[in-house]
Each structure stands twice: as structure tokens, then as C-alpha cells.
Amino acid sequence: MLNRYTRHFFSRLFTPVARLFLRAGISPDTVTVIGTLGVAAGALIFYPMGQLWWGSVFITVFVFADLVDGLMARLASRGSSWGNFLDSTLDRVSDAALFAGVAIWFYTGGGNAAIGTAAVACLALGMLVSYARAKAESLGFDANTGIAERAERLVAVLVATGFTGLGLPEVVLLVVLLLLAAASVVTVGQRCAAVYRQSRVRT
């Protein structure tokens with residue numbers, strides 16, 4: 001949902017950055033890899049140390065690499081199946097690191113097992129949301145639908161975790177994660193329903 005309303009704005013914002021990287025001889029794949037490493041480092045270093053605010057700020061900077069690499073590929077007419085595969089695969093790495101980092105902190109120094117468990121649930125369900133779409137597309141169906149796509153999941157967890165680090169009551173983060181888990185379940189159901197309808201048309 002967020003993709004539909006914000007992609008044009010951020011595309012205009014980051015196009016100069018994409019052009020600068022291309023002029024510097026940096027490839028889209030390089031930006032993809034660096035972005036993933038940055039997100040993973042922020043989530044698995046800052047979060048387990050209890051640095052929730054600065055971890056979220058650090059991660060957010062690298063999250064935008066996911067937009068910049070796509071812009072670079074389009075500007076240079078270098079879109080490829082390999083680039084698409086790499087981007088999608090490393091997106092899963094970033095997502096896993098993000099929720100794992102939250103879970104590690106709250107299972108250890110954060111001392112809130114409920115939040116840790118909710119983060120693990122979001123991690124697993126987020127993978128299921130992505131898998132449902134990937135499997136559908138591999139079978140020739142369109143499952144690009146749902147109320148909790150990747151952009152929504154990232155914004156929700158980064159904002160809630162970051163402000164928790166600034167003193168927001170932890171219960172707010174717990175509620176956000178529980179709602180996100182529930183939304184992910186709904187999204188999987190929506191994607192299954194979409195594929196079912198399309199499969200009935202084929203038969």
C-alpha cells in the first residue's frame with residue numbers, strides 16, 4: 001500500500017543519488033549488497049546493545065538503498081533477472097536481521113520476552129508473506145496484494161522500535177508487533193485467495 005503512494009515521491013528524491021552512483025561507476029548490485037550489509041549490521045549490532053533509536057536511524061539510511069538500486073537499474077537500462085533475484089533474496093536477509101535484532105535485545109538485556117516472541121512471530125510471518133508471493137509468481141499467478149507488504153512492515157517496526165529507544169512505553173512496540181503479525185496473517189490469506197481465484201479462472 002505504501003509503495004503505491006510514496007514510491008513516486010522517493011523516486012524523485014533519490015534519482016540524483018542514483019545518477020551520482022552511476023557516474024561513479026557503482027553498479028546496482030553493489031548498492032543492493034551494501035544496503036543489506038548496512039541493515040544487518042545496524043540490526044544485529046545496535047539493537048542487541050540496546051541502542052534502539054540509533055539502530056533505527058542507522059538502518060533507515062541503508063533501507064533506502066533498496067530504492068536507489070532499482071532506480072539505478074532503470075536509469076542505466078540494466079534491469080535483469082539476476083538483479084531482481086539478488087534484490088529479493090537480500091530483502092529477506094534484511095528483514096530477518098531486523099526482527100532478529102529486536103528479539104535478541106528483548107530476550108536478553110531488554111528483559112521483555114513478550115516483545116521478543118512477537119518479533120520472532122513477525123519474522124516468520126514476514127517470510128511467509130514473501131514466500132506466498134514468490135511461489136504464486138513462479139506458477140504464473142499475481143499475488144502482489146495485501147495490507148502488510150514489506151514497506152508497511154519496515155516502517156512499522158523501525159518507527160516503533162526507534163521511539164521505544166527514546167522512552168516510548170514498551171507496550172506500544174508490543175502492540176505494533178502483534179498488529180503487524182496479525183496483518184501478515186491476513187496478507188497471506190489475501191494472497192492465497194487471489195491465487196485461488198486466478199486458478200479457478202484457468203480451469
Side-chain angles (χ1 to χ4, degrees), residues 1-4 6 35-67 87-136 143-194:
M1 189 179 296
L2 284 178
N3 282 340
R4 302 188 189 105
T6 63
T36 300
L37 292 175
V39 171
L44 298 177
I45 295 175
F46 284 95
Y47 281 176
M49 292 171 58
Q51 298 293 325
L52 304 183
W53 169 253
W54 289 113
S56 295
V57 171
F58 186 90
I59 291 165
T60 299
V61 171
F62 286 95
V63 161
F64 285 115
D66 187 50
L67 178 60
D87 185 62
S88 296
T89 300
L90 294 186
D91 280 350
R92 308 290 82 76
V93 174
S94 297
D95 295 353
L98 183 58
F99 286 105
V102 173
I104 290 169
W105 168 245
F106 284 101
Y107 275 136
T108 56
N112 192 323
I115 292 180
T117 302
V120 171
C122 287
L123 191 162
L125 290 167
M127 296 297 113
L128 186 56
V129 167
S130 299
Y131 174 79
R133 177 178 173 179
K135 183 62 178 179
N144 186 20
T145 186
I147 62 173
E149 298 184 59
R150 185 170 186 258
E152 285 83 353
R153 298 197 302 271
L154 287 177
V155 169
V157 71
L158 285 172
V159 170
T161 302
F163 282 102
T164 298
L166 290 180
L168 187 72
E170 291 182 357
V171 67
V172 176
L173 175 58
L174 176 60
V175 170
V176 167
L177 291 173
L178 291 175
L179 289 175
L180 186 56
S184 296
V185 172
V186 172
T187 298
V188 172
Q190 289 175 306
R191 293 185 172 183
C192 288

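Given the structure is predicted, the values throughout are model-derived calculations rather than measurements.
- Side-chain contact check for Leu158 versus Val63: some heavy-atom pair is nearer than 4.5 Å.
- Across every non-hydrogen atom of Gly146 and Thr187, the tightest pair is CA-CG2, 3.7 Å.
- For the atom pair SG (Cys122) and CE (Met127), the distance works out to 11.0 Å, reported to the nearest 0.5 Å.
- Scanning both residues, Ala136 and Ala143, for their nearest heavy atoms gives CB-CB, 3.5 Å.
- Here CG of Leu123 is found 12.0 Å from CG of Leu128. Values are rounded to the nearest 0.5 Å.
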**OP:** Could you go through the side-chain contact (heavy atoms from CB on, under 4.5 Å) check for Phe99 and Val157 one step at a time?
**Re:** CA-CA 8 Å; Phe99 286 105; Val157 71; 3.7 Å; yes
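- Side-chain atoms of Thr117 and Tyr107, non-hydrogen and from C-beta on, do get closer than 4.5 Å to each other.
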**OP:** Start with the C-alpha gap between Val93 and Leu90, add the side-chain angles, then the distance that decides, and say whether side-chain contact (heavy atoms from CB on, under 4.5 Å) holds.
**Re:** CA-CA 5 Å; Val93 174; Leu90 294 186; 4.2 Å; yes
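- Put simply, the side chain of Gln190 gets close to the backbone of Ile147: a donor and an acceptor are under 3.5 Å apart.
- For Thr60 against Ser56, the heavy-atom pair with the smallest separation is OG1-O, 2.7 Å.
- Shortest non-hydrogen contact noted between Pro48 and Ala43 is CD-O, 3.1 Å.
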**OP:** Just do the side-chain contact (heavy atoms from CB on, under 4.5 Å) check on Glu170 and Phe106 with the steps written out, would you?
**Re:** CA-CA 10 Å; Glu170 291 182 357; Phe106 284 101; 3.7 Å; yes
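- In this structure, CG on Asp87 lies 7.5 Å from OG1 on Thr36, to the nearest 0.5 angstrom.
- The number of heavy atoms from other shown groups lying within 6.0 Å of CZ (Phe163) does not exceed 12.
- Residues Ser184 and Leu125 come closest through the heavy atom pair CB-CB, 3.7 Å.
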**OP:** Verify side-chain contact (heavy atoms from CB on, under 4.5 Å) between Phe58 and Ile45, making sure each step is shown before the conclusion.
**Re:** CA-CA 11 Å; Phe58 186 90; Ile45 295 175; over 6 Å; no
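- Residue Ala118 comes nearest to Leu177 through the heavy atom pair CB-CB, 3.8 Å, listed as atom of the first residue, atom of the second, then distance.
- Here the OH-CH2 distance, from Tyr47 to Trp53, works out to 10.5 Å after rounding to the nearest 0.5 Å.
- Sequence neighbours left out, the pairs with a member in residues 94-112 that pass salt bridge (Lys or Arg N to Asp or Glu O under 4.0 Å) are Arg92-Asp95, Asp95-Arg150, Asp95-Arg153.
- Between the CG atom of Leu52 and the CG atom of Leu173 there is a distance of 8.0 Å, given to the nearest 0.5 Å.
- Under the side-chain contact (heavy atoms from CB on, under 4.5 Å) test applied with Thr161, the options Ile59, Val102, Leu168 reduce to a single match, Val102.
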